[in-house]
Amino acid sequence: MAETVVSFVSDRLATLLREEGSLLGGLQQEVELIKDELGHMRAFLKVAEPKEDDDPRLQEWIKQVREAAYDIEDVLDEFVLRFAGYRHHGFCGSLQRILKAIKSLRARHQVASEIQSIKSRIKNISEGRQRYQAEFGIDDRVTGASTMNDSWRYSRDDALLVEEAKLVGIDQPKQHLISKLLEADDHQLKVISVVGMAGLGKTTLVKKVHEDPDVRKNFPVRAWVTVSQTCDFPKLLRDLIRQLHEEGKQPVPQSIESMTTAELKKIVKDFLQQAGRYAMVFDDVWEVEFWNVIKFALPEGNYGNRVMLTTRKADVASASCTESQDYVYKMEPLSIEDSWTLFCNKIFKGNRCPAHLMDVAKAVLDKCDGLPLAILAIGGLLASKDVSRIDEWEMIQHSLGGELEGTGKLERVKRILSLSYNDLPSYLKPCLLYLTIYPEDYPINCQRLILLWIAERFVEWRDGMSIEDVAWAYLSELISRSLIQATKVFYEGTPHTCRIHDLLREVILIKSREQNMVTVTTGQPMTWPSEKVRRLVLHSSSNSSNIQNHQQRQFYSFEHLRSFITVSSTNPLLSKTFLSEVLKSSKLLKVLELGGEEIEGTPNEIFNLLHLTYLDLYGTKLARVPRAIGKLQHLEYLNLGDTGVRELPVEILKLQKLRHLIVFKRVDPSDSDYGYHGFKGPSKLGGLLALQRLDTIDASSGSVIVKEIGKLTQLKQLYITQLRREDGKELCSSLVNLTSLRQLSVASVGKGDDHEIIDLNHHHSSLSSSTSWSFLQSLHVLMMFGRLETMPGWITHLQNLVRLDLPWSGLRAEQDPLESLQHLPNLDEINFSGSYQGERLCFKAGGFLKLKRLWLRRMEGLRWMTVEEGACPNLRRLVLYQLPSLEDLPSGIQHLSHLQELHLYAVSSRMMEKVENQEEESENYRRMTHIPEIVIGFCADDGKWRIRRLWGKKKKTILA
């Protein structure tokens, strides 16, 4: 971590000397000296940091280096604030010139004094480096940590997403627990507790049980609640209520936010009593008191309801299982055989271990003692090593030696995880420690995470790669090392959300506190770090009394703060209180994340944060952007999504470093098919040459803004709304220039069936043959919200297209969209909503070979569907929604051998009758037996939506 900070500051010093050398005057030589000495320290730190846990003196020295580097950064930023503006803006008027000159002299004297002080500190620290270099025998010419290139070279599976669900040795306990769940020996509530130490895979096991098809079909009402160590019980109940109502397709009661705990428990109990048989999971329970409270919200009835708990504590397990039919399952470590299988799967991808590594591999595995988390962690470490270099493996073995000999297994695993952290290349360490900004069990949005990494300057620019691509590579490497776990993925396996294991989080929390990386507060009284607070994170708090009084708050010191972030839904008064304190004293702030906060207007103090690079106001009540936004000339990321902003001032053009500009709001909050409102931008929008994401630009003003888009040649994501038909040709001309575009969304004027025609058929006629072949070849996602007279011919040539959405295109029967799309080689997902007016769709043999998800919705004329044998061989999910004329299931549906889910919503009564004919001798039954899950949604006589889930001959109805 210190090496990363020193590296960043060294680069800043080099830039300062190059670009602002004249302003330094006589200080230039001093700055040169500091920069050179930091270079020596950086080389030394590469080798010293992995050894800091071995010697407190070395640890203290590294801390001194880190704090000195931070202080240098402060002086640099202050210097830029005080002086750099003079050269660009000049002086006007003699009095102003005199006053500014006086201020400049005073400021220069203060900066000179600070630099001299830092020079003295650096000299003393340098003497310590030379002393430790001799004492520890460290040669800084040979680095022990992997460089970025080495790490990538030795990674043999860049796309590896190690998921807990792939653990070995889980099938037998899974079947055992399923049999316990399905036992029909009683009709009372039965509790099953799974207990064991952290890292054994308790959550994984229970998740596999919970999602098993036999369990799903026997328990139509299911919920999963993560409890965690710091349980906010009212919030947990509200989350449970939302989950149950969303699962049942019922509106969530608005009044739950103001209900007492007793009232919330009654809501849960009443719902479950009406819904029928349920299976509930409470994951990661820490306290006996939790079960003593929650059990009164769970009706027993006589349905044979089931509850499963996972816990690290035996007393919690036993306290929840007091009835005769209850059951405690103690989870054991993996057997030697399963441990070896998991180890080899992680490192050698299921192949055999090379003979020359066999002894060292067994010695390392023996230290893991059957704990899956430890095996995956140390396996991730070894997977990055060269299998031809036995010395690298032996180094890991010897490092583990004395570290794991303690009596407590938890401490031993912490040592393993600490070793995995220490082995990380320096550029990944701050990225991993940064995850401590998130609460325990928080689902982390990967896109947001990497953008924050970039804003915090953790990500290095690489030749030939965008900064975002480098950041994604960082994330992939952390996942491949099993330090982060991907929980949901986009198309092509790109992580969408991720999490960090509880045990690993404990380890990096210690590291983060040691290095003053992140300070987390909920507003409760706490011991603030003795060092200067540099990153302040505000977590949720439901109690306004947690806010400290003014006498306590006056001791906050945020002068050195670089980041202020709010996570989850916080108490509005709490967040406003801290925001006021931060804006009052934090002039050097670079990251300001206020998503979801109750902010109606942008505080004026924000526009004095001239170093700000990241500003997120997503989901706030903001309605306008002041002209002062132009002062934030270092801004790279601006998120005004889901706000009331509809226009940006011309001053936005001053933000020449802006790469992400996000301003949108859903037309219909409940349905994304109706598209998004965008913003009206200035006519010279094409001047924002650094833009990579433009989301969402309102093009209703005409061709001028559409033409400007063609100047944004760095764009990777472009979202346009309110496009007029007559501007289609101009848009095609602009798109020709966007050779890096990966996502494109185009919406015409109008809403739903009233959309104006999108006319993008000008491409081939307006371009030369030499450029025609490359048109949008980088595109992965295409969405067009509006009517199409014909399918644009260029779509058939999009070789890299993965997802296609065509809401409201209304193609006529003679323009069968499947004909032109079936041979796209990488098409993974299709969403047709109001896209076709014909009566028949036919998926022909050999077409859509990679298609996995298909959504067909709101096509009132569609009567028949045919799937020929050999079509859509990899289809996993098929959704048929609001197709009132569809008379039967697709002919040939039995050919979809990999189909996992079939969803039918608001289909014709005739089709419902055929699907519900579950007699074994019926044709429909034979056609559907291979589909694990069939879901039917319908509107009952009482006006409420309900869902039926059918598996084979059995069917269940629950509130939807």
Side-chain angles (χ1 to χ4, degrees), residues 177-178 180-195 202-203 205-207 209-212 215-228 231-248 250 252-253 255-256 259-311 313 315-329 441 949 956-960:
L177 290 180
I178 289 174
K180 289 291 182 183
L181 278 179
L182 301 182
E183 280 179 351
D185 56 345
D186 63 87
H187 297 286
Q188 301 303 309
L189 176 66
K190 182 175 184 176
V191 180
I192 297 175
S193 289
V194 179
V195 62
K202 301 182 296 295
T203 299
L205 171 60
V206 172
K207 184 177 181 182
V209 171
H210 190 60
E211 295 180 348
D212 183 85
V215 174
R216 293 170 71 96
K217 72 181 181 182
N218 278 278
F219 300 95
V221 180
R222 301 180 310 115
W224 182 288
V225 179
T226 300
V227 181
S228 78
C231 174
D232 183 336
F233 196 73
K235 182 177 183 294
L236 181 146
L237 287 173
R238 287 192 288 269
D239 290 344
L240 175 57
I241 290 169
R242 292 189 188 97
Q243 187 178 157
L244 290 171
H245 282 74
E246 289 171 2
E247 174 82 4
Q250 290 193 61
V252 179
S255 56
I256 62 173
M259 285 184 178
T260 64
T261 299
E263 291 171 332
L264 292 170
K265 286 194 291 185
K266 188 176 186 302
I267 291 283
V268 174
K269 190 167 188 175
D270 290 345
F271 184 96
L272 293 175
Q273 283 176 331
Q274 297 175 14
R277 200 177 191 204
Y278 66 83
M280 196 85 64
V281 174
F282 295 105
D283 183 42
D284 197 19
V285 180
W286 283 76
E287 301 296 339
V288 171
E289 187 59 26
F290 171 81
W291 175 250
N292 291 336
V293 176
I294 194 66
K295 66 182 180 182
F296 294 108
L298 306 175
E300 295 193 8
N302 58 357
Y303 300 107
N305 299 319
R306 300 289 185 261
V307 171
M308 298 186 73
L309 281 82
T310 69
T311 181
K313 296 185 175 182
D315 62 338
V316 174
S318 59
S320 61
C321 295
T322 57
E323 303 297 329
S324 60
Q325 74 275 8
D326 294 341
Y327 180 69
V328 175
Y329 178 76
D441 297 315
R949 285 190 172 92
K956 300 290 180 184
T957 302
I958 64 172
L959 290 176

When you measure from the side chain of [X] to the backbone N and O of [Y], does any donor-acceptor pair fall under 3.5 Å?
| X | Y | result |
| --- | --- | --- |
| R222 | H210 | yes |
| T322 | A319 | no |
| T261 | P234 | no |

Sub-4.5 Å side-chain heavy-atom contact between [X] and [Y]:
| X | Y | value |
| --- | --- | --- |
| M308 | L177 | yes |
| K207 | V281 | no |
| V225 | D239 | no |
| V206 | W224 | yes |
| P253 | I241 | yes |

So which heavy atom on [X] is nearest to which on [Y], and how close?
| X | Y | result |
| --- | --- | --- |
| V195 | K202 | C-CD, 3.8 Å |
| W286 | K313 | O-CD, 3.1 Å |
| L272 | A297 | CD1-O, 4.1 Å |
| L240 | M280 | CD1-SD, 3.9 Å |
| P299 | N305 | O-ND2, 3.4 Å |
| F219 | Y278 | CD2-O, 3.5 Å |

### Task
Determine, step by step, whether E183 and K190 satisfy the side chain to side chain contact (heavy atoms under 4.5 Å, CB included) criterion, reporting the C-alpha distance in whole Å, the side-chain angles of both residues, the deciding distance to 0.1 Å, and the verdict.
CA-CA 10 Å; E183 280 179 351; K190 182 175 184 176; 2.7 Å; yes

Between [atom1] on residue [X] and [atom2] on residue [Y], distance to nearest 0.5 Å:
| X | Y | atom1 | atom2 | value |
| --- | --- | --- | --- | --- |
| E289 | F233 | CD | CZ | 9.0 Å |
| R306 | L298 | CZ | CG | 13.5 Å |
| D283 | T226 | CG | OG1 | 5.0 Å |
| I294 | L236 | CD1 | CG | 6.0 Å |

### Task
Applying side chain to side chain contact (heavy atoms under 4.5 Å, CB included) between K180 and each of I192, V209, D326, report the one that passes.
I192

### Candidates V227, V307, T311 - the one meeting side chain to side chain contact (heavy atoms under 4.5 Å, CB included) with W291
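That would be V307; it is the only one of V227, V307, T311 passing the side chain to side chain contact (heavy atoms under 4.5 Å, CB included) with W291.
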
### Task
For atom NZ of K266, decide whether the heavy atoms of other residues, nucleotides or ligands shown that lie under 6.0 angstrom number more than 12.
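Incorrect, the count does not exceed 12.
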
### Message
Please determine whether side chain to side chain contact (heavy atoms under 4.5 Å, CB included) holds for the pair I256 and R242, giving the CA-CA distance in whole Å, both sets of side-chain angles, and the decisive distance to 0.1 Å.
### Response
CA-CA 9 Å; I256 62 173; R242 292 189 188 97; 4.2 Å; yes

